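Down below is the structure, laid out as structure tokens.
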2 protein chains.
Amino acid sequence: MVKFSKKIEYSLIALRYIAGAKDEVITAKEISNKYNIPHELLAKILQKLKKENILSSNQGVNGGYKLSKPLNEISLSELIDKIEGKTAIVECLHTDNVSECFISDSCSIKDPINKMQIELENLLKTKMVSDFI
Amino acid sequence: MVKFSKKIEYSLIALRYIAGAKDEVITAKEISNKYNIPHELLAKILQKLKKENILSSNQGVNGGYKLSKPLNEISLSELIDKIEGKTAIVECLHTDNVSECFISDSCSIKDPINKMQIELENLLKTKMVSDFI
DNA sequence: TTTAAATACGACTATATTAGTCCAGTTTTA
DNA sequence: TAAAACTGGACTAATATAGTCGTATTTAAA
């Protein structure tokens, strides 16, 4: 329920590892070998991190990834949003289309849960990826 | 990823409703009708809440549920643990059996994630079910 | 200029979790 | 004794997560 997905775990492991390599580029294979992470899956994650401008990459032989910004500038909140897409802690908050919620106007808990969500997000915003090292 | 399950949502809705009824007992049916929650599912949840001593019940005609303690004595943390079972935000923290984790000793993020988990839990501990009303 | 090592991308499958259903009890009151 | 409620377990369905496969593209080096 309040749980990190493998994607987030693998992201943290990879980002930490890449950060430790300073300017060297690091391949997906190196990380997946070292930590027993399925290669194809990790590759997808790194590609996503690249698209989201957290990593930059070189293709071809001797290619690989490096950080495009320091880890203390990436919050856990940002990482989660970018890897998994923005999600709400309850579905009815996920969309403006309130009419889709068949509990709708009799729903009594939306506002307080919304506040809860904001507090959770704020906590995740204060945690930088660099804290996980 | 950081998201309440339907069980938690339904629990909050139900607890709120039951609390509003003061000393009257409330049936699962009444709540499921009012909020369009599947009856069998809600019934299960209320039974669980009873087993966990959050609700008490009377069987038979005119039976139903009532609170066995005030909502400001039930934290969100407690509710989640009791409804869903204690969970860890990453799997490797869930068990002492570290050997099952095939990343194991090369795993670099366990400690910091553990701290994160504690902070999340602390936040959930400060939120009482009564705050969701 | 060809080969090998790497990223890039999309479709697919498998597994796990969550949500919901069904059915057969038991208890209690009118 | 019938109806309204809780009790409990097994089952199915739906969704989300995790992981795989195949193919294309880029690039450095032999």
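For clarity, every value in this text was computed on a predicted model and none was experimentally measured. Within every chain, numbering begins at 1; the chains are lettered A, B, ... in the order of the sequence lines, protein sequences first and strands thereafter.
Atom NZ of A:K82 is surrounded by more than 12 heavy atoms from other residues, nucleotides or ligands within 6.0 Å. Around atom NZ of A:K48, more than 12 heavy atoms belonging to other residues, nucleotides or ligands sit under 6.0 Å away.
Within a heavy-atom distance below 4.0 Å of DNA chain D, the residues of residues 57-67 of chain A found are A:Q59, A:G60, A:V61, A:N62.
Applying side chain to side chain contact (heavy atoms under 4.5 Å, CB included) to A:L15 and the options A:L67, A:L46, A:I45 leaves one that passes, A:L67.
Proximity of a side-chain donor or acceptor of B:S68 to a complementary backbone N or O of B:I54 within less than 3.5 Å is detected. With hydrogens and angles disregarded, no donor-acceptor distance shorter than 3.5 Å links the side chain of A:N33 to the backbone of A:E30.
Rounded to a whole Å, the CG atom of B:L42 is 13 Å from the P atom of C:dA19. In this structure, B:Y35 atom OH and C:dG20 atom P are separated by 17 Å, rounded to whole Å. Rounded to a whole Å, the NZ atom of B:K29 is 8 Å from the C1' atom of D:dA4. Here D:dA5 presents its C1' atom at 13 Å from CD1 of B:I26, a figure rounded to the nearest Å. A straight line from NZ of B:K48 to P of C:dA19 spans 14 Å, rounded to a whole angstrom. If you take CD of A:E52 and P of C:dC9, they are 12 Å apart, rounded to a whole angstrom. Nucleotide C:dT7 holds its C1' atom 18 Å from the CD1 atom of A:I54, rounded to whole Å. Across the protein-nucleic acid pair, B:L41 atom CG and C:dT21 atom P stand 8 Å apart, rounded to whole Å.
Checked by distance alone, B:Q47 brings no side-chain donor or acceptor within 3.5 Å of a matching partner on the base of D:dC6.
OP1 and OP2 of C:dA19 both lie 4.0 Å or more from every side-chain N or O belonging to B:Y10.
Under the rule for a side chain to side chain contact (heavy atoms under 4.5 Å, CB included), the partners of B:D81 that lie at least two apart in sequence or sit in another chain are B:S77, B:K86.
Residue contacts shown for A:A43 are absent, as no nucleic acid heavy atom lies under 4.0 Å away. Backbone-only engagement by A:K51 is indicated by non-hydrogen atom pairs under 4.0 Å involving sugar-phosphate atoms exclusively.
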All N/O contacts under 3.5 Å from nucleotides 11-15 of chain C to the protein, with atom names and distances to one decimal?
residue: C:dA11; atom: N6; partner: A:K44; partner atom: NZ; Å: 2.9

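When only modelled atom types and interatomic distance are considered, A:S75 and A:K125 share no side-chain donor-acceptor pair under 3.5 Å.
Between B:E78 and B:K69 there is a salt bridge, since a side-chain N of the basic residue sits under 4.0 Å from a carboxylate O of the acidic one.
In terms of hydrophobic clustering, with Ile, Leu, Val, Met, Phe, Trp and Tyr side chains grouped at heavy-atom distances under 4.5 Å, A:Y35 and A:V25 are assigned to different clusters.
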